[in-house]
Structure formats: structure tokens, C-alpha cells
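I have placed the structure first, in the form of C-alpha cells, so that the comments after it can refer back to it.
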Number of protein chains: 2
Amino acid sequence: MVTNGTYERGDLFDPNCGTRLILDRIGDKWTALAVLRLQHGPLRFTELRDGIGSVAPKVLTQTLRRLERDGLLTREVFAEVPPRVVYDLTPMGRSLIGPLTAVSDWAEEHINAITTAQGQYDAGS
Amino acid sequence: MVTNGTYERGDLFDPNCGTRLILDRIGDKWTALAVLRLQHGPLRFTELRDGIGSVAPKVLTQTLRRLERDGLLTREVFAEVPPRVVYDLTPMGRSLIGPLTAVSDWAEEHINAITTAQGQYDAGS
DNA sequence: CGGAATCCAGCGGGATACTG
DNA sequence: CAGTATCCCGCTGGATTCCG
């Protein structure tokens, strides 16, 4: 597996390495979901909320604000009545879809095996 | 982007879908790090702990036990004095390295852009 | 409609001390 | 060495209510 002498390309042991920071971010409960929901085009707040499940509005707002702050999505407000706010991924946000999908695919493929393994482990195997 | 009618291959809106479950798992503070540290071969408890940073032993144990329960790593105990315990990835655990590396690579590539975006956002841009 | 404000509980995670 | 046993804190995330 190790063809050259390099370890993880970064410094995983360093708490400030990129991987740690990003993992803390997309590892939270809704971030990855929000990004994946937006991969097919812009959505409004309510569409996002309904599509994702039962997220408290406060929590969804937090998630979206963080993503906006990180430059991964844009938030466009239309001064209308009733108000309309549209969220969309930035190019950088879109570039995250690939890696995220890789993990998601892996999850779908192995979720059954994992559940089985858990059952055996709990059975005192 | 949507060439056919399918959304995410799973049912992301279902709290019980694989992606959600896995993300909750590898999204925690140490799991992904532990897996990545083990990609080059088996390690002992202390080697894992020293390599990863400052993890409280209790927390590292929790992480490793969960991974063992999920069938992602093996825990082999040698009845010696002093005791020796070796952790190693299972084939399934090894198959997670790819997706994890994809995310990790993305993180290393974009961490600077993200930090910059945060700075601008905080500047009230 | 798209939040903001408030309150709150749980638990993930850390520090420390001890043990087979 | 490789944990276990306690204690404890903060923060994430949830429920609810109200507002422009």
C-alpha cells in the first residue's frame, strides 16, 4: 500500500491540519446532507428543510450559515412578500460532492455488513 | 446534473439510511483518524495514541471498540507481560480508506480557500 | 416564508487516578 | 502496557415561540 515513504499527505497528528478541521465540519449532523441535497440545483429554505427530514429551523440555519461562511454555498435573499431565500452551492461547494459521494456510496454498500457485524459482536461472539 | 429521474441513490431523507449512520460514525472526532493511521499496517494501542495526538485513553478505547463492533478492525490480545494488543483493519475497514482519503485530499486542497472565505465573511463582507 | 430568540437535555469528549 | 473507573464540562442539536 505504501509505495513511497510518505505517510498521510498532511500531518494528521496535527490538530490544525485540514483534514481534522473539515471532518469536524462535514461530520456534524446536517452539513453533508445539505450539500448533497443541493447538488441538483438551488433550493429554498423550506425545500431544504422538508427534504432533509426534521431539522429544527435554528439548526438548519446554523448549518447553512457555516457553509456560507466557509464559502461553500451562497445565500440570496429576494426582497419580496412573502420573502424568498435561495441557497446554492459555490464551485468549491460543488467540488465537495465527489468526495462526499464516495463516502456515501461506501456507506450504502457496507451498511448491511456493518449491521450484521454489530449483531454478532453484541451476541457476545 | 440530473440526467435521469433518480435522486441520491439512497434515501437521504430517511434517518435510517446508510449514509446518515456512517456519517455519524466517521464524523466523530477520532474514528477517521484511527482508520487512516492504520492504513499502513497494524498498530498497538500506544502507537495509535501517540500517533493521533492527545486522546484520553478512555476515548480512544471507545473509538476502537466501536470500529471493532462495526467489523472495521480487529483487536488481537497477546497474553504476555507486559500485555500487547494489536489493532488492524479488516478488509472492510481497508475499503474505507479510499473514500476517506478522497475527503482528506479535498480538505488539504481547500483548507486555505476556506480559511480565507471565513476571514472575509467575518470581516462583514 | 424564513428565520431569530430562548431554553434545555444529552452526550461526546477530556482530565485524572487507579489496576491486572 | 492497555486499559477501566469516575467525575465533569461544553457544545451540539432539539422543541418551542415569536417576529418582519
Side-chain angles (χ1 to χ4, degrees), chain A residues 12-16 19-35 37-38 42-70 73-88 121, chain B residues 12-16 19-35 37-38 42-70 73-88 121:
Chain A
L12 278 175
F13 52 92
D14 177 6
N16 283 14
T19 300
R20 294 277 284 268
L21 260 20
I22 298 304
L23 240 38
D24 284 350
R25 176 92 351 146
I26 69 170
D28 73 357
K29 198 163 186 181
W30 305 108
T31 296
L33 254 27
V35 172
R37 290 285 315 171
L38 282 169
L43 291 176
R44 305 176 58 172
F45 187 86
T46 310
E47 295 172 328
L48 227 22
R49 179 170 55 81
D50 295 344
I52 274 181
S54 57
V55 207
K58 189 199 71 173
V59 177
L60 183 56
T61 299
Q62 282 177 352
T63 303
L64 295 172
R65 287 291 199 284
R66 261 196 307 251
L67 282 168
E68 189 192 0
R69 186 172 106 99
D70 290 347
L73 65 73
T74 58
R75 175 173 177 271
E76 192 172 5
V77 183
F78 295 87
E80 310 168 354
V81 221
R84 186 162 58 98
V85 179
V86 173
Y87 294 91
D88 196 6
Y121 186 94
Chain B
L12 277 175
F13 52 91
D14 176 5
N16 283 15
T19 301
R20 295 278 282 269
L21 261 21
I22 297 304
L23 239 40
D24 284 351
R25 177 90 352 146
I26 68 170
D28 74 357
K29 198 162 183 180
W30 305 108
T31 296
L33 254 27
V35 171
R37 289 285 312 173
L38 281 169
L43 290 176
R44 306 176 57 172
F45 187 85
T46 309
E47 294 172 328
L48 228 21
R49 179 169 55 80
D50 294 345
I52 274 181
S54 57
V55 207
K58 189 198 71 173
V59 176
L60 183 55
T61 300
Q62 283 176 354
T63 303
L64 295 172
R65 287 290 201 283
R66 262 196 306 251
L67 283 169
E68 188 192 359
R69 186 172 106 100
D70 290 346
L73 64 73
T74 57
R75 176 173 177 272
E76 191 173 6
V77 184
F78 295 87
E80 310 170 351
V81 219
R84 187 162 57 99
V85 179
V86 173
Y87 294 90
D88 196 8
Y121 186 94

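Bear in mind the structure is a predicted one, so any value in this text is a computation, not a measurement. Chain naming here is simple, since letters A, B, ... match the order of the sequence lines and numbering starts at 1 in each.
To the nearest angstrom, P of C/dA4 lies 11 Å from CG of A/L64. Across the protein-nucleic acid pair, A/D50 atom CG and C/dG3 atom P stand 14 Å apart, rounded to whole Å. Distance, A/D24 CG to D/dC11 P: 14 Å, rounded to whole Å. Atom pair B/L23:CG and D/dG13:C1' shows a separation of 16 Å (rounding to whole Å applied). Distance, A/Q62 CD to D/dA15 C1': 14 Å, rounded to whole Å. When rounded to the nearest whole Å, the span between CZ of A/R65 and P of C/dG2 equals 12 Å. Here C/dG13 presents its P atom at 11 Å from CZ of A/R20, a figure rounded to the nearest Å. As rounded to whole Å, 15 Å separates atom C1' of D/dA15 from atom CG of A/L60.
When distances run from any side-chain atom of A/K58 to the nucleotides C/dG2, D/dC1, C/dT6, the shortest one goes to C/dT6. In the set C/dC1, D/dT4, D/dG13, D/dT4 carries the atom at the smallest distance from any side-chain atom of B/P57. Checking D/dC1, C/dG13, D/dA2 against every side-chain atom of B/P82, the shortest atom distance belongs to D/dC1. Listed candidates were D/dG14, C/dG2, C/dA4. Nearest to the side chain of A/A56 is D/dG14. When distances run from any side-chain atom of A/P83 to the nucleotides D/dA2, C/dG2, D/dG13, the shortest one goes to C/dG2.
Inter-axis angle, ends of the helix from C/dC1-D/dG20 to C/dG20-D/dC1, five pairs per end, rounded to 10 degrees: 50°.
Between A/K29 and D/dG14 there is a side-chain polar atom (N or O) within less than 4.0 angstrom of OP1 or OP2. Using a 4.0 Å cut-off, some side-chain N or O of A/R44 falls inside it from OP1 or OP2 of C/dG2. In terms of phosphate contacts, B/T61 brings no side-chain nitrogen or oxygen within less than 4.0 Å of OP1 or OP2 of D/dG3. For B/R49 and C/dG14, the shortest distance from a side-chain N or O to OP1 or OP2 is not below 4.0 Å. Contact annotation: B/Y87 does not reach the phosphate of D/dC1 (side-chain N/O to OP1 or OP2, under 4.0 Å). Under 4.0 angstrom from either OP1 or OP2 of D/dT12 there lies no side-chain N or O belonging to A/R25.
With values rounded to the nearest 0.5 angstrom, A/F45 atom CZ is found 3.5 Å from A/T61 atom OG1. With rounding to the nearest 0.5 angstrom, the OG1 atom of A/T74 is 9.0 Å from the CG atom of A/L38. The CD1 atom of A/I26 sits 11.5 Å away from the CG atom of A/L33 when rounded to the nearest 0.5 Å. To the nearest 0.5 Å, the span separating CD on B/E76 from CG on B/D88 amounts to 9.0 Å. Taking CG from A/L43 and CZ from A/R37, the interatomic distance works out to 6.5 Å, rounded to the nearest 0.5 Å. Considering CG of A/L73 and CG of A/L67, their distance stands at 5.0 Å, rounded to 0.5 Å.
Of all heavy-atom pairs between B/R44 and B/Y87, the closest is C-CD1, 4.5 Å.
Using a 4.5 Å heavy-atom cutoff, the side chains of A/K29 and A/V59 are not in contact.
Using a 4.0 Å heavy-atom cutoff across all strands shown, B/V85 reaches sugar-phosphate atoms only and no base atom. Looking at heavy-atom distances under 4.0 Å, B/F78 makes no contact with the nucleic acid at all.
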